[in-house]
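See structure below.
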Amino acid sequence: MNINLPDIRHFDDFYIWFNKEKKEEYYSTPLYFYKADFKTDYDKRLRYVYWKETECTDNGLKHPATLYFPFADKLGLLLLRFLNADLSTYETAYKDFFYAYGFEILKDLDEDYHFELKGRYGDDETYLKETKKIYYNLKEQLIYVQENIIDAVNYIYNINESEYLKQFTYSQRYAVYLIKRKGKLYSYIKNNYVIPDNYSNKYEELKAISENDLLTSLKDKTMLISMVNTHKSNDISSICYAILEELSKTPNYPIKKCQNCGMYFIPNSRLDEIYCDYLKENGKTCREQGAILAYNKRLQEKSAYAEYRKTYQQKFGMVNKNKNDKKLKKDFEAWKKQAKEKIIKLKHGELTEDEVYGWILKSK
């Protein structure tokens with residue numbers, strides 16, 4: 001993990017870097033905690049931020065996340081949070097996104113709008129007033145960026161399941177999307193400053209291995225020391241660009257759209273997952289609810305009503321194709337009359353679902 005960077009004033013900027021082997025991303029941000037909390041793993045030197053309902057800014061105190069204790073998340077989670085964020089109001093935008101990443105991530109979004117956040121605010125009201133002003137000044141541009149990133153994701157990950165695009169990989173679609181300038185994504189790289197990895201930051205990780213053993217391991221290809229570049233930016237569009245570039249180069253790691261709630265997600269286990277695992281207000285995830293939805297759908301498909309509609313269409317189609325067959329038409333009219341009577345009795349509780357369903361199957 002790349003945590004030793006050039007000696008610069010990092011606490012006023014946003015940094016992000018990736019570990020594709022572990023499928024994790026790490027970020028450092030000069031975050032203000034409002035309705036947010038975090039826990040620290042001192043052994044791994046990592047922190048995890050999460051939303052909480054209690055309002056607490058510690059009088060607007062800034063908690064700088066140093067590069068030595070970065071926040072850790074699933075690879076691509078920042079991008080997913082941004083894609084799924086409700087940016088219509090300050091409150092929803094904060095709960096969906098800014099509680100985890102702070103507002104410095106917007107400092108370079110608009111070259112004509114500059115702002116600075118203080119090291120401390122006297123109270124929550126002052127903090128909210130200042131950050132709300134920042135948000136609403138940049139809201140339209142922020143929504144515009146979100147729309148462009150959504151368009152790019154839809155194309156690169158073939159969210160609409162175009163037959164033509166299925167034959168190409170994520171990285172191939174990503175390259176074409178930029179080259180052909182299908183959206184504004186190509187312009188979002190302007191505020192991305194890349195700090196290259198030169199292996200020097202691997203000292204703490206590998207210092208226990210002798211020089212000879214390290215050379216031998218590399219020679220025999222039993223060890224792979226990955227190069228991890230760090231991105232520094234205070235522009236949310238550039239950060240999303242960097243993440244999307246990284247994800248597009250990661251095979252078997254797709255972005256999908258939940259067939260229940262419509263939110264973007266990355267499958268945790270199976271690539272054919274169709275439901276996300278975001279916790280909803282009822283305390284359940286779409287994946288948990290999906291099993292129930294699928295079961296109910298199967299029941300509906302096997303219901304007497306569904307079978308009646310399907311059989312009706314089949315018989316009607318046969319009559320329409322054989323207009324000169326008077327017997328076929330007569331049999332259809334008789335069946336239609338009987339079937340309607342069965343459905344009416346089912347609605348009135350005079351017949352059961354199974355009885356009507358069974359009769360329709362036998363009458364085919």
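This chain uses plain numbering: 1 for the first residue, then up along the sequence.
- Taking K364 as the reference, E307 meet the salt bridge (charged side-chain N to carboxylate O under 4.0 Å, His left out) condition, with sequence neighbours excluded.
- Take Y42 and apply the ring pair (Phe, Tyr, Trp, His ring centres under 6.0 Å) test, not counting sequence neighbours, and it matches F69.
- By the 4.5 Å heavy-atom criterion applied to side chains, N252 and L271 are counted as neighbours.
- Two different hydrophobic clusters hold Y188 and I179 under the rule that ILVMFWY side chains link at heavy-atom gaps under 4.5 Å.
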Exercise for the section: Tell me, with the steps shown, if K284 and E288 meet side chain to side chain contact (heavy atoms under 4.5 Å, CB included). Expected result: CA-CA 6 Å; K284 294 185 179 297; E288 292 172 326; 3.5 Å; yes
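- The CD1 atom of I360 sits 12.0 Å away from the CD atom of E355 when rounded to the nearest 0.5 Å.
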Exercise for the section: Show your reasoning for whether side chain to side chain contact (heavy atoms under 4.5 Å, CB included) applies to Y278 and F265. Expected result: CA-CA 9 Å; Y278 303 131; F265 73 102; 3.6 Å; yes
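- Applying the ring pair (Phe, Tyr, Trp, His ring centres under 6.0 Å) test to Y312 and every residue at least two apart in sequence or in another chain returns F332.
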Kindly list each side-chain donor-acceptor pair under 3.5 angstrom involving residues 78-97, sequence neighbours excluded, with atom names and distances?
residue, atom, partner, partner atom, Å
R81, NH1, D73, OD2, 3.2
R81, NH1, Y101, OH, 2.8
R81, NH2, Y99, OH, 3.4
N84, OD1, Y264, N, 2.7
N84, ND2, L80, O, 3.1
N84, ND2, Y264, O, 2.8
D86, OD1, S88, N, 3.0
D86, OD1, S88, OG, 2.6
T89, OG1, T92, N, 3.1
T89, OG1, T92, OG1, 2.9
Y90, OH, T131, OG1, 2.7
E91, OE2, K132, NZ, 3.3
T92, OG1, D86, O, 2.8
T92, OG1, T89, N, 3.4
T92, OG1, T89, O, 3.2
Y94, OH, Y32, O, 3.4
Y94, OH, Y127, OH, 2.9
K95, NZ, E53, OE2, 3.4
D96, OD2, D86, N, 2.8

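- Going from atom OH of Y157 over to atom OG of S248 covers 5.5 Å, rounded to the nearest 0.5 Å.
- Closest approach of A72 to Y26, counting heavy atoms only: CB-CD2, 3.9 Å.
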Problem - Audit row: N229, W17, side chain to side chain contact (heavy atoms under 4.5 Å, CB included) steps and yes/no - result: CA-CA 6 Å; N229 292 334; W17 59 103; over 6 Å; no
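- Residue pairs that meet the side-chain hydrogen bond (donor to acceptor under 3.5 Å, both in side chains) test with at least one member in residues 169-178, sequence neighbours left out, are T169-S171, T169-Q172.
- Listed by chain and residue number, E245 satisfy the salt bridge (charged side-chain N to carboxylate O under 4.0 Å, His left out) test with K249 (two or more places apart in sequence, or in another chain).
- Taking the side chain as every heavy atom from C-beta outward, K280 and C261 approach each other to under 4.5 Å.
- Residue-environment remark: NZ (K184) stays at or below the threshold of 12 foreign heavy atoms within 6.0 Å.
- Nearest heavy-atom pair, I189 versus S238, reported as atom, atom and distance to 0.1 Å: C-OG, 4.0 Å.
- Among pairs with a residue in residues 251-261, none fulfils salt bridge (Lys or Arg N to Asp or Glu O under 4.0 Å), at least two apart in sequence or across chains.
- Smallest separation of non-hydrogen atoms from D13 and P30: O-CD, 3.3 Å.
- Partners of E273 under the salt bridge (charged side-chain N to carboxylate O under 4.0 Å, His left out) rule, at least two apart in sequence or in another chain, are R287.
- Note that NZ of K329 and CG of N320 are 10.0 Å apart. Values are rounded to the nearest 0.5 Å.
- Nearest heavy-atom pair, T352 versus L346, reported as atom, atom and distance to 0.1 Å: C-CD1, 3.7 Å.
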Handout entry: Pair D41-R47, side chain to side chain contact (heavy atoms under 4.5 Å, CB included): steps then yes or no
Key = CA-CA 6 Å; D41 186 331; R47 301 200 294 178; over 6 Å; no
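- Put simply, the side chain of L106 reaches to within 4.5 Å of the side chain of L142, judged on heavy atoms.
- Side chains of S210 and D213: a donor-acceptor N/O pair is present below 3.5 angstrom, by distance only.
- A side-chain donor from one of D235 and S237 sits under 3.5 Å from a side-chain acceptor of the other.
- K180 meets the salt bridge (charged side-chain N to carboxylate O under 4.0 Å, His left out) test with no other residue; sequence neighbours excluded.
- Here Y27 and F14 bring their ring centres to under 6.0 angstrom of each other.
- Expressed to the nearest 0.5 Å, how far CD1 of I209 lies from OG1 of T216 amounts to 11.0 Å.
- E104 and K107 are not joined by a salt bridge, as no carboxylate oxygen comes within less than 4.0 angstrom of a charged side-chain nitrogen.
- Under a cut-off of 6.0 angstrom, the local environment of OH in Y164 is sparse, with at most 12 non-hydrogen atoms contributed by other residues, nucleotides or ligands.
- For NZ of K74, the number of neighbouring non-hydrogen atoms (other residues, nucleotides, ligands) closer than 6.0 Å is greater than 12.
- Here the straight-line distance linking atom NZ of K340 with atom OH of Y308 works out to 5.0 Å at 0.5 Å rounding.
- Scored by the ring pair (Phe, Tyr, Trp, His ring centres under 6.0 Å) test, Y48 finds no partners at all (sequence neighbours excluded).
- Annotation for G76 and E25: closest pair N-OE1, 2.8 Å, computed over non-hydrogen atoms.
- The CG atom of N260 sits 7.5 Å away from the SG atom of C276 when rounded to the nearest 0.5 Å.
- Heavy atoms only, all atoms of each residue included: V49 and A100 are closest at CG1-CB, 3.9 Å.
- In summary, the side chains of N191 and D108 do not present any donor paired with an acceptor at a separation below 3.5 Å, with no hydrogens or angles considered.
- For the ring pair (Phe, Tyr, Trp, His ring centres under 6.0 Å) test, residues two or more places apart in sequence or in another chain that qualify with F18 are H231.
- Note on K327 versus D331: salt bridge recorded, some NZ/NE/NH1/NH2 to OD/OE distance being below 4.0 Å.
- Residue pairs that meet the side-chain hydrogen bond (donor to acceptor under 3.5 Å, both in side chains) test with at least one member in residues 133-142, sequence neighbours left out, are Y113-N137.
- Ring centroid separation for the pair F103 and F98 comes in under the 6.0 Å cut-off.
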